[in-house]
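Accompanying notes for the structure given below.
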Amino acid sequence: MVYENYEGSYVAVSMPDESQVLETKDKHMNDNVLVLPIPYYETSNPRGGKTVYIGGN
């Protein structure tokens with residue numbers, strides 16, 4: 001069977017409330033797909049604990 005080459009992006013961006021489809025079905029791919037992580041940040045707070053930010057800048 002001969003497959004058409006995949007011409008789309010090889011990078012998927014994780015988003016908390018959205019899905020993303022890379023149209024790869026029955027396509028020949030030349031590289032791996034890279035799924036970027038959801039941003040995650042920790043900062044100290046005045047009470048000695050941590051504040052966590054997920055998905056923000």
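Only heavy atoms go into these numbers, but all of them, side chains included; no hydrogens, no water, no symmetry mates. Values in this document were obtained by computation on a predicted structure and should not be read as measured data.
The hydrophobic cluster containing Val13 also contains Leu34, counting ILVMFWY residues as joined when their side-chain heavy atoms lie under 4.5 angstrom apart, directly or transitively.
Evaluation of the salt bridge (Lys or Arg N to Asp or Glu O under 4.0 Å) test over residues 31-48, restricted to residues two or more places apart or in two chains, returns Glu42-Lys50.
A donor-acceptor distance shorter than 3.5 angstrom exists from the side chain of Tyr10 to the backbone of Asn30, with no hydrogens or angles considered. Between the side chain of Ser14 and the main chain of Leu36, a donor-acceptor pair closer than 3.5 Å is present.
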Tell me which donor-acceptor pairs under 3.5 Å the side chains of residues 1-9 have, and how far apart each pair is, sequence neighbours excluded?
| residue | atom | partner | partner atom | Å |
| --- | --- | --- | --- | --- |
| Asn5 | OD1 | His28 | ND1 | 3.2 |
| Tyr6 | OH | Ser9 | N | 3.3 |
| Tyr6 | OH | Ser9 | O | 2.6 |
| Ser9 | OG | Val11 | N | 3.0 |
| Ser9 | OG | Val11 | O | 3.2 |

